[in-house]
Q: 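First the structure, then my questions, so here it is.
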Amino acid sequence: MRKPIIAGNWKMNNTNAGTKALITELIPLVKDVKGTEIVICVPYTNIATAAELIKGTNIKLGAENVHWAEKGAFTGEISAEMLVELGVEYVIIGHSERRQYFGETDATVNMRVKAALASGLKPIICVGETLEQREKNRVKSVLKKQVDGAFADIPEDQLANIVIAYEPVWAIGTGKTATAQDANDTIKIIRNRIAKLYNRKAANKLRIQYGGSMNAKNAHELMEMKQIDGGLIGGASLKAVDFSIVVKH
Ligand code: 13P
């Protein structure tokens with residue numbers, strides 16, 4: 001019932017030349033994929049190039065962040081309107097790297113989500129615990145705080161435009177994937193929290209991805225799980241063949 005969504009998060013990788021090479025290689029590899037939504041989230045400077053290349057294909061475009069204000073004196077920031085103008089459809093919000101290195105909080109995540117939705121962008125909201133939080137058995141309380149914060153004042157009718165990415169921080173870029181069962185169980189905790197905040201029907205419709213060292217080798221097993229509706233892919237999204245294997249899982 002929930003359409004799978006595989007999104008690449010390129011992070012701070014690829015120039016425009018690299019963007020052209022990667023997308024040109026990817027397009028034919030995934031052109032026959034129908035049942036899965038395919039998204040690539042690229043650096044701001046590559047958006048225009050990517051938009052041109054994916055025109056008429058089954059690949060959709062995402063950005064890696066968005067500011068909450070409509071416009072104004074925010075040096076170095078990018079607004080939702082600027083992204084929409086270039087054909088961006090999805091935007092990653094609250095990635096753990098932004099929380100860790102750039103002071104992102106649950107409150108700013110919420111502001112960004114609201115700004116994105118107001119402009120018609122679809123947020124991919126990232127949540128996930130650190131290793132320390134996991135070892136201290138705090139997974140449930142950490143996720144509750146992140147989910148409650150991100151979804152504050154978001155009306156139920158917007159849930160169809162939102163994707164959650166569960167990314168355990170300890171699994172990102174480490175080659176250490178959560179086991180499929182673990183990822184499934186934790187995503188269930190997130191879905192149950194959404195059911196508490198809204199209702200069960202809304203929670204059952206919301207798409208929740210797994211992210212963290214998901215790759216060509218483990219994608220199939222992860223995607224087999226009932227709760228896992230897709231993936232947010234870092235490293236493996238930088239190689240066309242690997243990413244296409246994840247997309248086809
Ligand atoms: P890796 O797939 O490189 O672990 O990164 C995951 C991630 O952070 C996607 O947003």
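We use all heavy atoms of the structure for the numbers below, so side chains are in, but hydrogens, waters and symmetry mates are not. Whatever order the structure lists ligands and atoms in, that order sets their numbers, starting from 1.
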Q: Under a 4.0 Å threshold between the charged nitrogen and the carboxylate oxygen, would R112 count as salt-bridged to E104?
A: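 Here E104 pairs with R112 in a salt bridge, since their nearest N and O are under 4.0 Å apart.
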Q: Please check whether G235 reaches ligand 1 - meaning an N/O of the residue sits under 3.5 Å from an N/O of the ligand, judged on distance alone.
A: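 Between G235 and ligand 1, an N or O pair is found under 3.5 Å apart.
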Q: Enumerate the atoms of ligand 1 whose separation from the nearest heavy atom of S213 is less than 4.0 angstrom.
A: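 Answer, ordered by atom number: 1 (P), 2 (O), 4 (O).
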Q: Below 3.5 Å, N or O to N or O, backbone or side chain included: is there any such pair between H95 and ligand 1?
A: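 Yes.
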Q: If you draw a 6.0 Å radius around CD in E221, do more than 12 non-hydrogen atoms from other residues or ligands fall strictly inside?
A: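 Check fails, neighbour count at 12 or below.
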Q: Which atoms from ligand 1 have a heavy atom of E167 less than 4.0 Å away?
A: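 Under 4.0 Å from E167, ligand 1 has these atoms: 6 (C), 7 (C), 8 (O), 9 (C), 10 (O).
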Q: Can you say whether the rings of F151 and Y198 are parallel (under 30°), tilted (30 to 60°) or perpendicular (over 60°)?
A: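 Rings of F151 and Y198: perpendicular, as their planes differ by over 60°.
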Q: What atoms of ligand 1 come within less than 4.0 Å of a heavy atom belonging to K11?
A: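 With K11 as reference, the close atoms of ligand 1 come out as 5 (O), 6 (C), 7 (C), 8 (O).
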Q: Could you list the residues that satisfy side-chain contact (heavy atoms from CB on, under 4.5 Å) with V30, not counting sequence neighbours?
A: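 Residues passing side-chain contact (heavy atoms from CB on, under 4.5 Å) with V30: L26, V33, I38, N58, I59, S244, V247.
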Q: Using a heavy-atom cut-off of under 4.0 Å, does the side chain or the backbone of L232 touch ligand 1, or both, or neither?
A: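 Both backbone and side chain of L232 come within 4.0 Å of ligand 1.
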Q: So for ligand 1, is G173 a polar contact partner (N or O within less than 3.5 Å, distance only)?
A: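 Right, the criterion is met.
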Q: If the cut-off is 4.0 Å to any non-hydrogen atom of G212, which atoms of ligand 1 fall inside it?
A: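 Close to G212: 4 (O), 6 (C).
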Q: Any salt bridge between E37 and K3, counting N to O under 4.0 Å?
A: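 No salt bridge links E37 with K3.
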Q: Looking just at side-chain N and O atoms, do N14 and T19 make a donor-acceptor pair shorter than 3.5 Å?
A: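 There is no such pair (donor and acceptor under 3.5 Å, judged by atom type) between the side chains of N14 and T19.
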Q: Out of curiosity, is G211 lining ligand 1, as in a heavy atom under 4.0 Å away?
A: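 Contact check G211 vs ligand 1: negative.
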Q: Judged by non-hydrogen atoms, does A171 sit under 4.0 Å from ligand 1?
A: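 The answer is yes: ligand 1 sits under 4.0 Å from a heavy atom of A171.
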Q: If we only consider heavy atoms of A236, is any one of them less than 4.0 Å away from an atom in ligand 1?
A: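 In this structure, A236 fails to qualify as a contact of ligand 1 - no heavy atom is under 4.0 Å.
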Q: Run the side-chain donor-acceptor check on residues 156-175: report pairs under 3.5 Å with partners two or more places apart or on a different chain.
A:
residue : atom : partner : partner atom : Å
E156    : OE1  : N199    : ND2          : 3.0
E156    : OE2  : N199    : ND2          : 3.2
Q158    : OE1  : N161    : ND2          : 3.0
Y166    : OH   : E129    : OE1          : 2.9
Y166    : OH   : E129    : OE2          : 3.0
Y166    : OH   : R134    : NH2          : 3.4
E167    : OE1  : H95     : NE2          : 3.0
W170    : NE1  : E129    : OE2          : 3.0
T174    : OG1  : W170    : O            : 2.9
T174    : OG1  : A171    : O            : 3.4
T174    : OG1  : K176    : N            : 3.1

Q: As an exercise, identify every atom of ligand 1 less than 4.0 angstrom from a heavy atom of G234.
A: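 With G234 as reference, the close atoms of ligand 1 come out as 1 (P), 2 (O), 3 (O), 5 (O), 6 (C), 9 (C).
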Q: With a 4.0 Å cut-off, would you call E97 and K11 a salt bridge?
A: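 Salt bridge flag = yes for K11 with E97.
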